[in-house]
2 protein chains.
Amino acid sequence: MKIASEKTIERLSLYRRLLRVAKGAGQMSVYSHDLAEMVRGTAAQVRRDLMEIGCAGNSKKGYDVDNLIDAISEFLDSDDVTPVALVGVGNLGRALLQFFESHHPKLKIVAVFDNDPEKSGRVIHGCRCYGMSEMPVVVAGKKITVAVLAVPVGAAQNAAKQLEEAGVRGILNFAPEPLRVGPSVAVENMDMTMALEKVAYMARQNNSKENGAK
Amino acid sequence: MKIASEKTIERLSLYRRLLRVAKGAGQMSVYSHDLAEMVRGTAAQVRRDLMEIGCAGNSKKGYDVDNLIDAISEFLDSDDVTPVALVGVGNLGRALLQFFESHHPKLKIVAVFDNDPEKSGRVIHGCRCYGMSEMPVVVAGKKITVAVLAVPVGAAQNAAKQLEEAGVRGILNFAPEPLRVGPSVAVENMDMTMALEKVAYMARQNNSKENGAK
DNA sequence: AAATAACCGTGATTCTTTTCACGTGAGATA
DNA sequence: TATCTCACGTGAAAAGAATCACGGTTATTT
């Protein structure tokens, strides 16, 4: 399968979600400019993204919703369900567990890890909680390649290392701390502190623009 | 104050956090390549980012840690504490509340909103919970310009609209749904579904690269 | 059946972001 | 004090991403 830029992958994910909503509403086809409006982008960009994954669009009717969803899914998803591990069962971890419980047919959290021995063995949201030391065997046994890291800052680097050694190849990191991992592990940072600082900055810009300040 | 690109702003936020850690460890100065290594970037980019905000670096000793932190803070932060609202007090909302409680000196969640009347009036993590209908008066009263949106999908668009009307100028959106707001409101999406799909995709790429597949 | 209109596919262009590479200057060394 | 080293500051080049613009195609209309 061809390779696409990260930006394109992000947008494809977004398109698919919106397409599913549209499908649920009974819509059979969409135009590139419809999708563009939904994601606040341009029609040309939507077409280009779809071109990347070799999609088929009809001149007059636009894109077939079902076809598009299938094409994006074939590109983004694995054939079978991807097992995911969650590390860290604090408030955030539980929220994520609940969030992903329902939201995705192809990505499933199948194990959670925490270093609190109190939690070991308990079942949270349908997931068995393991101690950190059990990681290698559980990850290998369940063929886990993707993990969500929701531990407190300070513990993240260590956990990432353990994940890497256990064979994980992608980490979604919620800790506000850059991870040092080898080149064969993809890291996506969800840095909430950074994000909030950024909106605060941009909100201030907007505000002073509005108030006529330079 | 000059304007910088969004990417630069993100990196500045990251630099500052790492600099604070370095300062805590007693470090007095850093080189651009030190910072670069920490954020997995290049030295030239670090220098360029710092140049953007008009920083001073010394040829031989690199950058003074204290100076840099101050310079970045002056650029990113408002002079006084920025009051923030949180909308949605589910698991995620509570996790965010806890997360931001300690993590930031200049950004403070001062009010939470939820449409569950049960929660109205209660105090969660030191924050009074208000009903959605109280938003206009509370937001105006506390001069809130930034909000974190942690409501379930489906409720996000409506909440965003209310926030905008109440005067909010920046929204950090955790709902997997693009928001339609006016141009004077900055939106930053923390789309966990998209992020997880993306790492899963990239992990798969890494995996097949490793296994010799084309 | 011909004309029309609307949208897709994509080469070319423009704009943004990153990297390169080199002159400059500050401290160390002898 | 002269030289040497090393990192900063930054113009210029490269790479990457978004946009433009137009030929081609398909349904609809007359």
Side-chain angles (χ1 to χ4, degrees), chain A residues 2-15 19 22 27-72 75 178 189 194 198 201-202 205, chain B residues 2-15 18-19 22 27-72 75 178 189 194 198 202 205:
Chain A
K2 249 235 318 272
I3 205 116
S5 90
E6 290 197 15
K7 296 285 184 119
T8 297
I9 291 166
E10 291 177 7
R11 284 190 298 262
L12 286 172
S13 163
L14 197 46
Y15 298 154
L19 286 165
Q27 208 172 329
M28 300 302 290
S29 62
V30 286
Y31 297 126
S32 55
H33 52 84
D34 293 334
L35 267 176
E37 200 208 351
M38 290 195 263
V39 304
R40 312 195 100 46
T42 69
Q45 184 165 67
V46 171
R47 292 201 298 273
R48 202 164 268 286
D49 285 337
L50 297 179
M51 194 179 76
E52 288 272 300
I53 62 169
C55 76
N58 182 297
S59 293
K60 192 64 184 194
K61 294 204 303 277
Y63 299 88
D64 181 81
V65 171
D66 282 329
N67 274 359
L68 254 195
I69 292 175
D70 289 349
I72 295 176
F75 183 82
N189 290 304
M194 176 200 288
K198 187 174 162 189
Y201 175 86
M202 287 160 67
Q205 300 287 77
Chain B
K2 246 236 318 273
I3 204 117
S5 90
E6 290 197 13
K7 296 284 184 119
T8 297
I9 292 165
E10 292 177 7
R11 284 189 299 260
L12 286 172
S13 163
L14 197 46
Y15 297 154
L18 294 167
L19 286 165
Q27 207 172 330
M28 299 303 288
S29 61
V30 287
Y31 297 126
S32 54
H33 52 84
D34 293 335
L35 267 176
E37 201 207 350
M38 291 195 261
V39 304
R40 312 197 97 48
T42 68
Q45 184 165 65
V46 171
R47 291 202 300 273
R48 202 164 270 285
D49 286 335
L50 297 179
M51 195 180 75
E52 287 273 300
I53 62 170
C55 75
N58 182 298
S59 293
K60 191 66 183 192
K61 294 205 303 279
Y63 298 88
D64 181 81
V65 171
D66 281 329
N67 273 359
L68 254 196
I69 292 175
D70 288 350
I72 296 176
F75 183 81
N189 290 303
M194 175 198 288
K198 187 175 164 190
M202 287 161 67
Q205 301 285 75

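Between B:Val65 and B:Val30 there is a side-chain heavy-atom pair separated by less than 4.5 Å. Considering only heavy atoms from C-beta on, A:Leu12 comes within 4.5 Å of A:Leu50 through its side chain. A:Met28 has its side chain out of reach of A:Lys61: every pair of non-hydrogen atoms, C-beta onward, lies at least 4.5 Å apart. With contacts defined as side-chain heavy-atom distances shorter than 4.5 Å, the pair B:Glu37/B:Tyr31 does not qualify.
The distance from atom NZ of A:Lys61 to atom P of D:dT25 is 17 Å, rounded to the nearest whole Å. Protein atom CG of B:Asp64 is 15 Å distant from nucleotide atom C1' of D:dA7, rounded to whole Å. Rounded to a whole Å, the CG atom of B:Leu50 is 14 Å from the P atom of C:dT18. Between the CG atom of A:Leu12 and the P atom of D:dA17 there is a distance of 14 Å, given to the nearest Å. To the nearest angstrom, P of C:dG27 lies 15 Å from OH of B:Tyr63. Protein atom CD of B:Glu52 is 12 Å distant from nucleotide atom C1' of C:dT16, rounded to whole Å. Rounded to a whole Å, the CE atom of A:Met28 is 17 Å from the C1' atom of D:dA27. Rounded to whole Å, atom C1' of D:dA18 lies 17 Å from atom CZ of A:Arg40.
Put simply, B:Arg47 has no side-chain N or O that comes within less than 4.0 Å of OP1 or OP2 on D:dG9. OP1 and OP2 of C:dA5 both lie 4.0 Å or more from every side-chain N or O belonging to A:Tyr31. A sub-4.0 Å separation between OP1 or OP2 of C:dT18 and a side-chain N or O of B:Arg11 is present. For the OP1/OP2 pair of C:dG25 and a distance below 4.0 Å, the side-chain nitrogens and oxygens of B:Asn58 include no atom meeting the criterion. Here B:Ser32 reaches the OP1 or OP2 of D:dC8: one of its side-chain N or O atoms lies under 4.0 Å away.
In terms of position along DNA chain D, the nucleotide closest to B:Val30 lies nearer the 5' end than the nucleotide closest to the other residue of the pair A:Gln45 and B:Val30. The nearest heavy atom of DNA chain D to A:Gly41 and to B:Gly57 marks one nucleotide each, and the one closer to the 5' end goes with B:Gly57. The residue among A:Cys55 and A:Lys60 whose nearest nucleotide of DNA chain C lies closer to the 5′ end is A:Lys60.
Judged by atom type and distance alone, B:Arg48 reaches the base of C:dT19 through a side-chain donor-acceptor pair under 3.5 Å. No hydrogens or angles were tested; on distance alone, nothing pairs the side chain of A:Ser59 with the base of D:dT26 as donor and acceptor under 3.5 Å.
Between A:Tyr201 and B:Ala4, the closest heavy-atom pair is OH-N, 4.1 Å.
Checking D:dC20, D:dT10, C:dT19 against the side-chain heavy atoms of B:Met51 singles out D:dT10 as nearest. Closest to the A:Lys7 side chain, of the nucleotides D:dA18, C:dG27, C:dC8, is D:dA18.
The distance from atom CG of A:Leu14 to atom CD1 of A:Ile9, rounded to the nearest 0.5 Å, is 13.5 Å.
B:Thr8 comes within 4.0 angstrom of no nucleic acid atom, judged by non-hydrogen atoms across all strands.
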